[in-house]
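Taking it in order: structure first as structure tokens, then the write-up.
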Amino acid sequence: MHALLPNLFAAPSLHSAAAAAFTLSAPSLAHLSPLDLAVIAIYFVMVIWIGFYLKSMANTSEEFFMAGREMTAWIAGLSFVSANLGSLELMGWAGSAYQYGILAAHWYWIGAIPAMLFLGMVMMPFYYVCKTHSVPGYLKLRYGQGSSTVAAVSFAFMTVLMSGVNMFAMAEVMKIVLGWDLNFSIIVSSLAVAAYVALGGLRSAIFNEVLQFVLIWGGALLVPILGLVETGGWSGFKARLAQNIAAGATAPGDYTHMWRSMGHFADNPMGIHWTGIVFGLGFAISFGYWTTDFLVVQRVLAANSLRSARLAPVIGSFFKMAVPFIVILPGLLGLVVLQNADGSLMHLVGENIVKANPGAGLHSYNEVLPLMMVRYLGPGLLGLGITALIAGFMSGMAGNVSAFTAIFTYDIYQPHIVKHAKDEHYVLVGRIVTIVGVIISIGAAYLVMNAAGIMDYVQALFSFFISPLLGVVLLGMFWKRATKAGGFWGLLIGTLTSIGLWAWVKADPSALRFVAISPDAKDMAENMYRALWSVSTSVGVNVIVSLFTKPRPMSELAGVVYGATPLPTEEPVPFYKNEWFWTVIAIVVFLALNIYFW
Amino acid sequence: MHSSGISIWFFIGVLLTVYGTMIFGYGLYELTLPQMAVANYHASVWWGALLLAVGLFYGLRFRPSRNG
């Protein structure tokens, strides 16, 4: 699920840890009442209803693959951020907050906001003006068919694979939290996704993502609110936490500051340094994901105007900044409110400890969010919380499937298999490919079920492509001199660099001192620096090769490169509707949050 | 999104209205029970009422006949 990527790139071990934790056999955490089951069933009825309703609005390829380019800024913006808000991230990062404290919020703030604003204000005009259907489509316009096909094939392959991996992980979550059968979870959720995406195309996927977004907030927001009420607010929470640490009940550490312990790798439990956070996470990883991953960019390309397309990521950035309230805060609150049956403070542990002590009644870090839900949510509300998790998974899967369908049809099928067919033909292909994509995802889910170790490799595999792609797209968009050969070799050698560094550390863990420039660095730091080396190599090779090869004439670059693209003048609007105004507000809020939690 | 028939906000309004009614109704029933679960804070009542209010607002504001 691409929705996971910023997190996965930075912390594959965390994510796989989440999945691994949920694969353990344990009694289910929650027991649903008939009211809860009714809440979940109504959600399924609603998504299928939306799919059938929107079927009549997905007749042309523009409608099916691009939602008719009719989305308002709000719809596109919510969908944009929702496609990234998967249920496994919610649980994985809540667990991370329990374990490491508020450091985990870096992945939601510096690891997302600058890139989202950059996409909206700087890059979106080029994506939107050239009317591309996809990111590989942009590469085709800028660098030619070769780079486009390489990017399209790798994206399509990885998209369905990730979809399957996450389908399996989600089924495991349902098994542990609710005791549901794996096959039941996989088949029911897959059929629902296949139905509404095949029927309504991207519009249906986007509608359901917005619906999911509302459900996540409606189902999960209550947990931190009630947690804060119980602890006496943020200051009350900090006082109780300090008390627990002083009494030795909680491991010592700075759980409530984001930057103070970033001076050295050894000063914080994540083993990261501020340079890795700023340049690796804040640039290489986050810009790679938010500006070139088609899963999220597709939502913005469906906007109804250039202004909406620019405003959508800005709107999304405000909600992204708020997500730690329903993810990080519950994890932190779990440190002081979760109790065992005898009233003592509950201590969550790593999945390896849970695994080593079967039957001991231990829970892993990644179970903190379901545990908090069970603690605070009664009948009906618990069903709503579980529905939010299911909706998060289905929305992420629908995002993968709709992106896969568009990429396969536009960037693989049309240029290489059937070039000049009628529009209806491509819509039919899109519907069929949607079903096929879901079937392949199910196959991937069962593959992972029988070889869980594959998950780590799949996640690393996707990370190999996205950072070098960022280098190629950025240079292509802002440097007229970049050539076809430069783009191809930059992409190839950047990817090989990423693979090489990963393999080096895998074969010799002590190599981490070179890759992440410190012997104290841990897994997360490795991912950040690997992404940074990869994008740097991609840019460097692109520049060198371009300088030695023949550039394309200016006339061919109109619409795709800065300086060769006349941007359309938009109607003046009041300041409160202006995208620049809201961008400045977003920057101020972003800075204020980082300073407050410094 | 009004140009394509029923707005997504209408669907959301309908769903929240149904959920709000169910949860608020259960919350009222729960008030009559002798014992409340620890740390419940009657959340079903006020959260259900909030969902119902938001659902009704969106359901009515974006109802199909209004958008024509």
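Chain letters run A, B, ... following the sequence lines, proteins first, then strands; residues in each count from 1.
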Spacing of [atom1] belonging to [X] relative to [atom2] belonging to [Y], to within rounding of 0.5 Å:
X	Y	atom1	atom2	value
A/Leu381	B/Ile23	CG	CD1	4.5 Å
B/Ser7	A/Ile75	OG	CD1	6.0 Å
B/Ile8	A/Phe213	CD1	CZ	13.0 Å
A/Leu384	B/Leu16	CG	CG	8.5 Å

Subject >> A/Tyr53 side chain vs B/Ile6 backbone, donor-acceptor pair below 3.5 Å >> reply: yes

Original post:
Do you know which two heavy atoms are closest between A/Pro379 and B/Ser44, and how far apart they sit?
Top reply: O-OG, 4.2 Å

[X], part contacting chain B, at a heavy-atom distance under 4.5 Å:
X	result
A/Ser56	neither
A/Ile42	both
A/Val214	side chain
A/Ile206	neither
A/Leu382	neither

Subject >> CH2 (A/Trp217) with more than 12 external heavy atoms under 6.0 Å >> reply: yes

Original post:
Can you find a pair of side-chain heavy atoms, one from B/Trp46 and one from A/Leu222, that are under 4.5 Å apart?
Top reply: yes

Original post:
Do the non-hydrogen side-chain atoms of A/Met46 and B/Val18 ever get within less than 4.5 Å of each other?
Top reply: no

Subject >> Contacting moiety of B/Tyr19, where chain A heavy atoms sit under 4.5 Å >> reply: side chain

Original post:
Where along residues 47-57 of chain B does a heavy atom come under 4.5 Å of chain A, listed by residue number?
Top reply: B/Trp47, B/Leu51

Subject >> side chain to side chain donor-acceptor pair (under 3.5 Å) contacts touching residues 35-48 of chain A (sequence neighbours left out) >> reply: A/Ser33-A/Asp36

